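Keep in mind the model is a prediction, meaning the values are calculated, not measured.
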Amino acid sequence: MKKFTKKQLNSMTIKHLQPITLNLAIIYYNSDSCNISFGNRTPEQVAFTLVAQASKSSLVKDIMRFQKSVT
């Protein structure tokens, strides 16, 4: 998986950041290093909600955080 720099992410539009964040969030939420309880929702549902409601700066921060956790 390609690793993005903060500069690269800041130059992207929110429409480009959303699928990157979604993919990384699903990978992270399904990993052993994630110990978050989602109740009766799947990790995919939680990731989709996260991405749908996030601002561009939040998406950039999430991508940077997820990249550190999953790579």
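Interatomic distance, OG1 of Thr21 versus CD1 of Ile14, reported as 9.0 Å (0.5 Å rounding). Atoms CG and CG, on Leu17 and Leu22 in that order, are 12.5 Å from each other to the nearest 0.5 Å. Within the model, atoms NE2 of His16 and OG1 of Thr13 stand 4.5 Å from one another, a figure rounded to the nearest 0.5 Å. In this structure, CZ in Arg41 is found 4.5 Å from OG1 in Thr49, a value given to the nearest 0.5 Å. Atom CD1 of Ile20 is separated from atom CD of Gln67 by 8.5 Å, given to the nearest 0.5 angstrom.
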Steps toward side-chain contact (heavy atoms from CB on, under 4.5 Å) verdict (Asn30, Ile26): CA-CA 6 Å; Asn30 282 309; Ile26 290 170; 3.4 Å; yes
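Side-chain atoms of Gln53 do not come within 3.5 Å of backbone N or O of Leu50 as any donor-acceptor pair. Of the possible donor and acceptor atoms, one in the side chain of Lys56 sits under 3.5 Å from a partner among the backbone N and O of Asn10.
Pairing each heavy atom of Thr5 with each of Met64, the nearest pair is C-SD, 4.3 Å. The heavy-atom pair separating Lys3 from Gln8 by the smallest distance is O-OE1, 4.1 Å. The shortest non-hydrogen separation linking Ser69 to Ser33 is O-OG, 4.4 Å.
By the ring pair (Phe, Tyr, Trp, His ring centres under 6.0 Å) test, Phe66 is found to be paired with Tyr28, Tyr29, residues two or more places apart in sequence or in another chain being considered. For Phe48, the ring pair (Phe, Tyr, Trp, His ring centres under 6.0 Å) criterion is met by no residue, not counting sequence neighbours.
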